[in-house]
Structures are given as C-alpha cells and as structure tokens.
2 protein chains.
Amino acid sequence: MATLLDVSSKAGVSIATVSRTINKPSSVTPMTRHKVQAAIDALGYRPSRVARRLRVEHGSTHILGVIIPDIQNPFFAELVRGIEDVAQTNGYTLILANVDEDPVRQSRCLETLRTESVDGVIFPPVTGENASIRMLHEAGIPVVCVDRRMDTLECDTVVTDNIAGAKKAVTHLIQLGHRRIGYIGGMPIVSSSRERRMGYETALQEHGIPIDPDLICEGTRSKEQGRTLTHALMDISHPPTALLAGNNLMTLGVMATLRERQITIPEQVALVGYDDLPWNLALALNPPPTTVRQPTYQIGCRATRLLLSRIEEPQRPPTLVVLQPELKIRASCGSYITQ
Amino acid sequence: MATLLDVSSKAGVSIATVSRTINKPSSVTPMTRHKVQAAIDALGYRPSRVARRLRVEHGSTHILGVIIPDIQNPFFAELVRGIEDVAQTNGYTLILANVDEDPVRQSRCLETLRTESVDGVIFPPVTGENASIRMLHEAGIPVVCVDRRMDTLECDTVVTDNIAGAKKAVTHLIQLGHRRIGYIGGMPIVSSSRERRMGYETALQEHGIPIDPDLICEGTRSKEQGRTLTHALMDISHPPTALLAGNNLMTLGVMATLRERQITIPEQVALVGYDDLPWNLALALNPPPTTVRQPTYQIGCRATRLLLSRIEEPQRPPTLVVLQPELKIRASCGSYITQ
DNA sequence: CTGAAAGCGCTTACAG
DNA sequence: CTGAAAGCGCTTACAG
C-alpha cells in the first residue's frame with residue numbers, strides 16, 4: 001500500500017503538502033496540486049482511514065455501529081437497509097452485530113463499538129437500564145434508539161406509534177363485530193410490546209369491552225411461542241373469535257397453529273398480525289394476513305439522519321420521532337364493514 | 001476515555017508495563033499485574049482498537065468486510081448471519097455494505113474496505129473481472145468469494161453445486177411426467193445463474209428431451225422480471241407445463257403471475273423454485289412451493305472460517321468448497337411418483 | 001522484569 | 001503557499 005511518504009517523494013513535495021492537496025485543495029498552488037494528483041494517481045494512493053482517525057482527539061472514524069437481535073428477521077433487515085443507505089450516501093460505513101436479545105452479547109458488542117471509536121450507535125434497547133450504554137454516553141459516543149425506547153437515558157429515539165397501531169388493529173376487529181379478542185405478544189420488558197398491549201387494552205376500553213386477562217398472553221418473541229400461546233388461548237373454555245399477534249414471528253406461529261387445528265381464518269378466527277412481511281410476501285400467504293405495517297425503512301433513515309445531525313451538533317436536545325403505522329387490510333379478518 | 005497514560009500514572013508504572021500486562025500478563029510480576037489491573041478496573045480502561053491497529057505494519061484490525069447486493073433478500077440475510085456468528089465468536093467485527101449489484105457502488109465499498117485495512121473481505125462477485133478486487137489482492141487483503149465464483153482471480157470460494165441443484169429440480173419434474181419445462185432465471189453473467197441453467201439443460205439432455213430455446217428466459221433477478229418472463233412464457237403457442245424459477249425473488253413473481261392468470265399450481269403448471277424462504281415461510285404460502293434449498297447459513301460459516309484460516313496462513317493455496325443443495329418437496333409439483 | 005524511545009500514517013498549528 | 005515538527009494511543013525491540 002502506497003503511503004503519504006511515497007506520494008510526497010514521488011511528487012517532490014512534503015507530506016504536509018500532499019495531505020493538504022487531498023483535504024483542502026484550495027490551499028495549494030494549481031501547479032503543486034497537479035503534480036501531487038499525478039503522483040496519487042500513479043500510485044493508486046488512498047489515505048488510510050485507520051491512521052487518519054487516530055490523529056485528532058475527536059477525529060471522526062466515519063463508522064456507525066448497529067446492534068440488532070437478528071438480521072434474519074425481515075423487520076431488522078429492512079431497518080438496517082434504511083440505516084445503511086443513508087450512511088453510505090453520507091460517506092459512513094456500518095459495523096453490524098447480531099446479539100439475539102442476549103444482554104451479555106449486547107454489552108460485549110457495545111464495548112467493541114466504544115473501542116472502535118465509532119461516531120455513533122443505533123440500536124433497539126432491550127432493558128431500561130444498561131451499563132454499556134451509559135459507558136458510550138460517557139465516552140461521548142451518541143446513541144440513537146430505534147423501535148424501542150429507553151426509560152432512563154435521554155437519547156434520540158425513533159419509534160412508531162405502537163399504541164396507535166395496536167388500537168387500529170383491535171378497533172378494526174371490534175368494528176367487524178368481535179368482542180372476544182385475544183392478544184399474543186412479546187415480553188412487556190420491551191417497550192414496543194408493552195405499548196402494543198396498551199393499545200389493545202385502550203381500544204377495548206374505548207368500546208366498552210371489559211379486559212379479560214385470560215385473553216392476554218405474553219412470551220418471548222418467536223414463532224414457537226406464537227404456537228404455544230395460540231394453543232393455550234384456543235384451549236380456554238370460552239376462546240377468542242379474533243386474535244392480535246404482536247409481531248411477525250408470532251403471527252406466523254399463530255397462523256401455523258390455527259391451520260394445524262383446522263381452525264379457518266377468518267371464518268372461525270379473525271387475525272391481525274403486527275409487522276408486515278417484505279416483498280409483498282403477505283399476499284402469497286394463505287390467507288393473506290391483515291397486518292399493522294410499520295414504516296421500517298423510514299425508521300432506519302430517520303434514525304441515521306438524527307445520528308448524523310447529533311454528530312454535527314452534540315449539544316442539541318434529544319429528539320423523539322414517532323412515525324405512524326398503517327393498517328394493511330387483507331383477507332385474514334373477513335370483509336371490512338364500515339362503522 | 002481513559003488512555004494508557006492515565007492507567008500508567010494511576011498505577012505508578014510506565015505505559016509499556018501496562019501494555020504488557022494487557023497483552024502478555026506472564027511477562028510481568030504478579031505484584032505489578034495486580035496494581036495495573038486495579039488501575040484498569042478503576043478507570044474502566046479498554047485499549048483503543050484504532051490506535052492498536054496502526055502500530056504494526058501487518059497489524060490486525062480484526063474487522064472483516066462483507067459486501068452484498070441487498071440485506072433484505074433473505075438469502076443474503078442468512079448468509080450474513082452465518083458470517084457474523086463465526087466472526088463474533090472469533091473476536092472479529094463486521095463491516096456491511098449493500099451495493100444492489102451496482103458495480104460503481106461495489107467498487108466504492110471495496111475501496112473503503114481497503115482504506116479501513118480490514119483483515120479480509122467476503123462477497124459474491126458480480127462480474128468476472130474486477131479492478132477493485134485486484135487492488136485488495138495487491139494490498140494483501142484476502143478475499144473469499146461466496147455464492148458465485150470469479151473466473152479470473154484465484155481466491156478461496158464457497159458455493160453450492162448449482163448444476164446439481166437445478167438438475168435435481170428438473171429431474172423431479174421429468175419424473176412427474178413433464179416434458180415441456182420452462183426455465184426463468186437470472187443473468188448468465190452471474191456464475192450461479194449460468195450454472196443453474198446448465199443444470200437445467202443437462203437434466204433435459206440426460207432424459208433425451210430436446211432443449212427448446214423458447215422455454216428459456218433470463219433477466220435481472222427481481223420479482224418484476226419473474227412476472228414479465230412468466231407472462232412471456234405462458235403466451236407462447238405451446239406453453240410449458242412446468243417451470244423452474246432460478247431464485248427466490250423470481251419464484252415469487254412466477255407464483256403471483258400464475259395466480260393472476262388463474263393458472264393453478266400444480267394442476268396446470270408445476271413449479272420448483274430455487275432458494276428456500278426463511279422461517280419455514282414456504283409452508284405458509286399458497287401452495288407451499290417445492291424448492292431447492294441451499295445451506296446458506298453454512299456457506300457463511302465456511303466462508304468465514306476459510307477467511308480466518310487464510311489470515312493465519314496467507315500462502316495456503318486457494319480452496320474451493322462446494323456444498324450440496326437439497327430438494328425440498330412440497331406441494332407445487334403435485335405428488336411425487338418414484339421412478 | 002521494567003522503562004525510555006521509536007514508529008505506525010496521518011493532520012494541523014506554527015514558522016517562514 | 002509550503003515545510004518541519006508535534007502528536008493521536010498504542011506496541012515492541014532495545015537497554016538496563
């Protein structure tokens with residue numbers, strides 16, 4: 001690899017001049033600029049980002065860190081795509097790590113990001129309190145929370161309105177005549193799950209339907225849990241006629257279980273799933289499920305722009321961005337009857 | 001952020017001793033070790049990876065670069081998961097970039113990886129020749145090709161046996177009695193597409209079925225192309241009774257188009273799709289498609305291990321790993337008749 | 001076993 | 001406009 005010294009000796013100038021030619025061409029004679037540029041081209045020289053970033057105390061690394069549970073979850077894949085597109089456009093590079101909701105792995109990865117001196121970190125927080133996050137904060141590395149909020153640390157956050165999303169879903173079911181609506185969702189320690197349940201309950205209350213604890217099931221977000229909880233819910237003495245599944249994985253578990261039990265959707269049980277599937281894949285499912293679609297790609301974009309703006313202006317007060325989800329009505333609830 | 005100097009002054013030793021305590025504890029008195037460790041703990045000190053990597057000519061950055069077309073494609077998501085899992089286990093961090101098959105973006109990203117001095121790069125090559133790749137090679141940065149091969153540069157490569165995969169699919173269709181089998185695949189500039197077409201043709205030949213150019217359609221890998229080519233194929237005077245779709249996106253396009261045209265699967269047209277869907281999502285489709293499943297996660301794992309071993313031993317001759325795909329028989333071809 | 005010093009490849013005041 | 005020099009935070013021969 002050619003180095004600054006190689007270029008400078010080839011061009012017959014000092015390394016400082018080469019550096020200036022690259023970083024502030026206007027500060028250099030056209031003549032010099034030309035000589036240096038020729039040497040750079042001849043050698044295929046590119047400044048080492050590694051060396052460059054060591055230089056200044058607050059030298060930018062132009063690297064952003066992203067920590068997610070699992071890139072194989074289409075929700076996070078879409079999120080990451082949004083993040084990376086904005087990052088790449090702005091000359092930033094992405095470090096990605098999967099941590100499977102494991103606090104130990106998460107801490108380890110956040111620690112790595114700190115020692116990498118990344119310019120910022122984007123991630124969906126698991127718990128309310130987190131030592132590693134605090135550490136990043138103290139190291140002056142800005143953090144943007146996506147999808148979920150922290151309840152302690154004040155930082156930029158981009159979420160969708162989960163309460164509104166779940167409310168829309170449940171209201172839709174109520175308007176179709178359902179009164180016994182089950183909720184199968186993720187753990188309440190995650191803010192998004194907590195809020196979706198809240199939206200579920202609010203919708204019921206607003207329509208004067210009592211909340212029946214028997215109809216509320218929560219578990220770790222997985223297809224398997226979706227199955228288990230569906231079985232549990234359909235086995236009670238007075239089972240629900242409609243279900244809200246709290247996320248994409250659980251929705252698939254619910255659908256698979258209902259199919260196994262030969263319970264037809266929407267005739268015997270109506271279903272709304274939280275989170276849409278990519279590629280319009282929902283349209284190919286049997287039946288195409290009505291879902292609450294989050295603007296996931298946009299969450300990624302907004303979060304990244306927020307992060308970049310904070311890198312520019314570290315003292316700006318924390319911003320909360322709340323995007324609106326959309327109810328995609330398909331075939332899993334039967335036909336839609338307007339109120 | 002605490003620095004080596006902070007620790008050394010707090011512990012009352014030189015920075016060299018602190019460095020040794022961290023990197024080679026046995027070279028230091030237990031007494032010293034203890035003092036230094038106490039200072040490290042008190043300050044929450046972690047060595048800067050940025051500074052560390054600048055030190056040695058061939059200093060490891062412990063970063064791997066991964067460049068893919070699109071993380072939203074479940075195939076690449078699974079691949080990346082395999083890569084990241086092995087990387088993380090071995091203390092490596094991942095830089096990820098999406099380039100959408102765009103040679104310009106790809107070159108730009110590879111260039112960035114070079115200036116980041118990553119320890120190695122994993123990616124599915126698009127074209128046969130690539131200047132940026134050569135550059136990485138010359139910069140001593142090892143490259144592992146996944147999913148597709150380069151025809152010029154000799155480097156470690158992990159692929160699946162695409163010829164065998166397509167052969168299995170087409171043989172399956174032939175055994176079910178089909179003679180007019182259409183092929184809808186990706187561009188032949190991509191080695192995997194080329195090989196799948198080759199497998200398709202080989203299977204026909206081995207069964208004495210003439211190859212009909214009218215039944216072969218190729219286009220850029222997308223759902224939209226899948227649609228267009230399906231229409232084209234079903235509009236010819238003597239349309240196929242079975243189809244092989246060359247990848248997951250095109251398979252979805254084919255299914256959607258057949259559904260639109262009210263052509264039933266498998267009764268009117270049998271279908272095998274290349275690439276499986278994650279989460280057993282295929283089982284939820286209508287109908288569940290028979291697919292050629294690649295061990296995608298394993299491709300990622302093997303590629304990463306290959307890369308790590310090459311970092312250890314740069315002179316080792318290039319290795320080609322060929323994994324075997326598997327035909328997952330589901331409902332889109334009708335019942336399976338053994339020969 | 002420990003410390004002083006050089007050096008990794010850059011950038012940026014500071015002189016001239 | 002240009003160059004000499006300091007310094008970013010480490011690691012590692014080289015002495016002692």
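Numbers restart at 1 for each chain; the letters A, B, ... are given by sequence-line order, proteins then strands.
At least one donor-acceptor pair closer than 3.5 Å links the side chain of D119(A) to the backbone N or O of H62(A). No side-chain donor-acceptor contact under 3.5 Å links T29(B) to the backbone of M31(B). Remark: the backbone N or O of V18(A) is not paired with any side-chain donor or acceptor of S8(A) at under 3.5 angstrom.
Between the CE atom of M31(A) and the C1' atom of dC1(D) there is a distance of 14 Å, rounded to whole Å. Residue K24(A) contributes atom NZ, which lies 13 Å from atom C1' of dT11(C) at whole-angstrom precision. Atom CG of L5(A) is separated from atom P of dG7(C) by 12 Å (rounded to the nearest Å). As rounded to whole Å, 19 Å separates atom C1' of dT2(C) from atom NE2 of H34(B). K35(B) has its NZ atom 14 Å from the P atom of dC1(C), to the nearest Å. The distance from atom CZ of R52(B) to atom P of dT11(D) is 5 Å, rounded to the nearest whole Å. Between I22(A) atom CD1 and dT11(C) atom C1' the separation is 11 Å, expressed in whole Å. Atom-to-atom, CG of N23(A) to P of dA13(C) comes out at 12 Å; the value is rounded to the nearest Å.
Closest contact between the side chain of T17(A) and the listed nucleotides dT12(D), dT2(C), dG3(D) involves dG3(D). When each of dC10(C), dA5(C), dC10(D) is scored by its nearest atom to the side-chain atoms of A51(A), the top-ranked nucleotide is dC10(C). Residue S48(A) places its side chain closer to dG9(C) than to any other of dT11(C), dC10(D), dG9(C). Among dA4(D), dC10(D), dT2(D), the nucleotide with an atom closest to any side-chain atom of T29(A) is dT2(D). Counting only heavy atoms from C-beta on, T32(A) has its side chain closest to dT2(D) among dC10(C), dT2(D), dT2(C). For L4(A), whose side chain is taken as the heavy atoms from C-beta onward, the closest listed nucleotide among dG3(C), dC10(C), dC10(D) is dC10(C). The side chain of R20(A) approaches dA4(D) more closely than any other nucleotide in the set dG3(C), dA4(D), dC10(C).
With a 4.5 Å cut-off on side-chain heavy atoms, Q294(B) and D147(B) count as touching. Within the 4.5 Å cutoff, side-chain heavy atoms of K35(B) are placed close to those of V13(B).
Residue-level contact check: I15(B) touches the bases, meaning some heavy atom is under 4.0 Å from a base atom.
The neighbour count for R302(A) CZ, taken as heavy atoms of other residues, nucleotides or ligands under 6.0 Å away, does not exceed 12.
With rounding to the nearest 0.5 angstrom, the CG atom of L64(A) is 6.0 Å from the CG atom of L308(A).
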Problem set entry | For DNA chain C, the dot-bracket pattern of Watson-Crick and G-U pairs whose distances stay under 3.5 Å, | for other-strand partners | |||.||||||||.|||
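The phosphate of dC1(C) has neither OP1 nor OP2 within less than 4.0 Å of any side-chain N or O from S27(B). Contact between the side-chain N/O atoms of T3(A) and the OP1/OP2 oxygens of dC10(C) is found at a separation under 4.0 Å.
Under the 3.5 Å distance criterion, with hydrogens and angles disregarded, no donor-acceptor pair is assigned to the side chains of T89(B) and D85(B).
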